[in-house]
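Contents: one structure, followed by commentary.
Along the sequence shown, residues are numbered consecutively beginning with 1.
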Amino acid sequence: MDFFKNLADSFVKEVVDPTVSFAEDSARTVAGEVVDPTVSFAEDSARTVVREVVDPTVAFVEDSAKTVVREVVDPTVAFVEDSARTVVREVIDPAVAFIETQFQRPRDVIEQEKILDNLLASNGSRFPGDDYHSPDRKNWMSLLSCEKLTLNKIVWPGTHDSATNGIGIDVVTRPLGECQTLSIYEQLVRGTRLLDVRVQEDRHICHGILASYNVDFAIDDVIRFLSETHSEIIILEIRTEYGHKDPPEFEIYLTNKLGQFLIQQDDNLFNKSLSEILPKRVICIWKPRESPRPSRGGLLWNSDYLKDNWIDTDLPWTKFQSNMNHLKDQPSISSRRFFYRVENTLTPQADNVVMWVRPVTDRIRRIALVYD
């Protein structure tokens, strides 16, 4: 037994131990000469890849991202923000303001109508001579005391845009510009003695951009009325409408058409009695826009002799206040050398959905005497 034990020990010591020692030395040699250099090479290669590939790539991506943000994203965001502000400023804000106006305007109208209703209830609408009603409207001036009544004592009933009956296209544009539904002749027969006629370059009646018949029809209506009466005097204002050019040689046309009826311009006329003025019966006031004004002392009168206080409003109390303020500034009748027109008119506004003439003028129609 000892023999075999000794033999095994000898084998371990002389074979196994040297083999294990050799293996360990070989492993250390491989680790020192192969593995460690390989790991070091791999680590160096990795660091090189990071330094020469990954870091530049990351830097490039970051720079590209900054460039995209700076040159694409930021301008796009700024454009969108500017566009949004533009839309708000040019579309949304005006739309909101327009809608607010549509709700506010009816409230303003109702409030101003109440003010006038209260004024009418507290002060009434009586004025000297308002109880007189002519039995013959067509000839009401002939029933006055023509020998004693001077021109400056007459209250002249008039109409605004007198020749607009039938203007524009029925139902479509006519409601936007038709201020009168009666012809010039019909108005005169019913008592009107001051006419407001507007023309454009081709001698057609117009109101703004809407046009109607030739002015000949209006003048012929005046002549027809004059031929049927004897003592009725008419103030005929003819003007070139705003935004239009004067009809060529229109002053000559007017004097040729109305010459036998025309009352010559004269500052002393206002203190003359009607009997001193007759049989001449038309005071024609011609208001061109570009052509020379009628000269003093001629057959036509210029714009100095008919003044008013038209204001661009559709609010009745605002108009009433304007009338009163301007009336306060007028000279007395005895010293006045012009006709002063108190207009009972309202003007439809472009920023309001109610643009038809009649609904707007109806706001003051029932209380018209307050304006007189």
Side-chain angles (χ1 to χ4, degrees), residues 91 94-95 97-106 108-109 112-113 157-190 192 194-222 224 236-248 250 253 286-290 308-316 318-319 341 343-366 368 371:
V91 179
F98 176 79
I99 293 171
E100 289 176 347
T101 298
Q102 306 317 303
F103 284 102
Q104 184 61 40
R105 186 62 57 81
D108 291 341
V109 170
Q112 294 206 5
E113 287 177 334
T159 54
H160 173 78
D161 265 303
S162 307
T164 52
N165 58 304
I167 200 167
I169 302 172
D170 190 18
V171 180
V172 182
T173 58
R174 187 165 300 164
L176 300 173
E178 187 179 54
C179 298
Q180 310 298 330
T181 58
L182 300 178
S183 68
I184 292 292
Y185 174 77
E186 291 169 328
Q187 292 174 51
L188 290 169
V189 168
R190 295 195 182 193
T192 298
L194 190 153
L195 299 170
D196 164 24
V197 176
R198 316 204 181 172
V199 295
Q200 58 188 24
E201 188 175 11
D202 61 2
R203 294 187 183 176
H204 279 74
I205 302 295
C206 65
H207 184 189
I209 63 172
L210 301 180
S212 183
Y213 46 78
N214 192 287
V215 72
D216 269 341
F217 289 97
I219 302 298
D220 289 344
D221 269 4
V222 171
R224 176 188 172 188
L236 173 61
E237 178 202 22
I238 301 186
R239 71 174 81 175
T240 301
E241 176 67 309
Y242 176 79
H244 293 273
K245 294 182 178 180
D246 300 325
F250 198 64
Y253 162 80
W286 164 228
K287 295 183 177 181
R289 292 205 169 269
E290 300 170 348
D308 56 41
N309 65 305
W310 179 85
I311 61 171
D312 190 12
T313 183
D314 63 351
L315 299 174
T318 300
K319 175 59 179 175
R341 175 167 47 198
E343 288 193 299
N344 181 21
T345 59
L346 293 178
T347 304
Q349 300 299 296
D351 66 348
N352 193 258
V353 294
V354 182
M355 293 185 64
W356 288 15
V357 170
R358 183 166 292 276
V360 172
T361 55
D362 279 347
R363 295 170 185 172
I364 55 175
R365 193 182 304 278
R366 62 186 173 80
Y371 288 76

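The aromatic rings of W286 and F250 sit tilted, their planes meeting at an angle between 30° and 60°.
Shown here for S212 and I167, the closest heavy-atom pair between the two residues is CB-CG1, 3.7 Å. Shown here for D161 and C206, the closest heavy-atom pair between the two residues is OD1-O, 4.3 Å. Residues V109 and L315 approach most closely at CG2-CD2, 3.8 Å, considering heavy atoms. When all heavy atoms of D308 and R239 are compared, the closest pair comes out as OD2-NH2, 4.4 Å. Taking both residues in full, the closest heavy atoms of I219 and L236 are given as CD1-CD2, 4.0 Å, listed atom of the first, atom of the second, then distance. L210 and T173 get closest at one heavy-atom pair: CD1-O, 3.4 Å.
There is a side-chain donor-acceptor pair under 3.5 Å between T159 and Q187.
Looking at D314, its side chain never comes within 3.5 Å of a backbone N or O of P348 through a donor-acceptor pair. Distance alone, capped at 3.5 Å, places no donor-acceptor pair between the Y213 side chain and the G166 backbone. Panel note: side chain D246, backbone R289; a donor-acceptor pair is recorded below 3.5 Å. Counting only distance, with no hydrogens or angles, the side chain of T164 and the backbone of E178 share no donor-acceptor pair below 3.5 Å. Side-chain atoms of R174 do not come within 3.5 Å of backbone N or O of I169 as any donor-acceptor pair. With hydrogens and angles ignored, the 3.5 Å screen pairs no side-chain donor or acceptor of E241 with any backbone N or O of Q200.
Here E343 contributes atom CD and H160 contributes atom NE2; the two are 6.0 Å apart, rounded to the nearest 0.5 Å. One distance of note links NE2 of H207 with CD of Q180; it measures 10.5 Å at 0.5 Å rounding. Here CZ of R198 is found 12.5 Å from CD1 of I238. Values are rounded to the nearest 0.5 Å. Separating the CG atom in L195 from the CG atom in L188 is a distance of 5.0 Å, to the nearest 0.5 Å. Between atom CD1 of residue I311 and atom NZ of residue K319 there is a gap of 5.5 Å, rounded to the nearest 0.5 Å. The OG1 atom of T192 sits 11.0 Å away from atom CD of E186, with the distance rounded to the nearest 0.5 Å.
Side-chain contact between R363 and Q112 is absent, with no heavy atoms from C-beta onward closer than 4.5 Å. In this structure, R358 and P175 have side chains that are not in contact, with every pair of non-hydrogen atoms separated by 4.5 Å or more. Counting heavy atoms from C-beta outward, Y242 and T240 have side chains that stay 4.5 Å or more apart. I205 is listed as a side-chain neighbour of V215, based on a closest heavy-atom distance under 4.5 Å.
Counting heavy atoms of neighbouring residues, nucleotides and ligands inside a 6.0 Å radius, atom CZ of R365 exceeds 12 of them. Within 6.0 Å of CD1 on I209 lie no more than 12 heavy atoms contributed by other residues, nucleotides or ligands. Under a cut-off of 6.0 angstrom, the local environment of OH in Y185 is crowded, with over 12 non-hydrogen atoms contributed by other residues, nucleotides or ligands.
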| request: Apply side-chain hydrogen bond (donor to acceptor under 3.5 Å, both in side chains) to D108 and Q104, showing your working. | output: CA-CA 6 Å; D108 291 341; Q104 184 61 40; 2.7 Å; yes
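Salt bridge status for E201 with K245: absent, with no side-chain N to carboxylate O gap under 4.0 Å.
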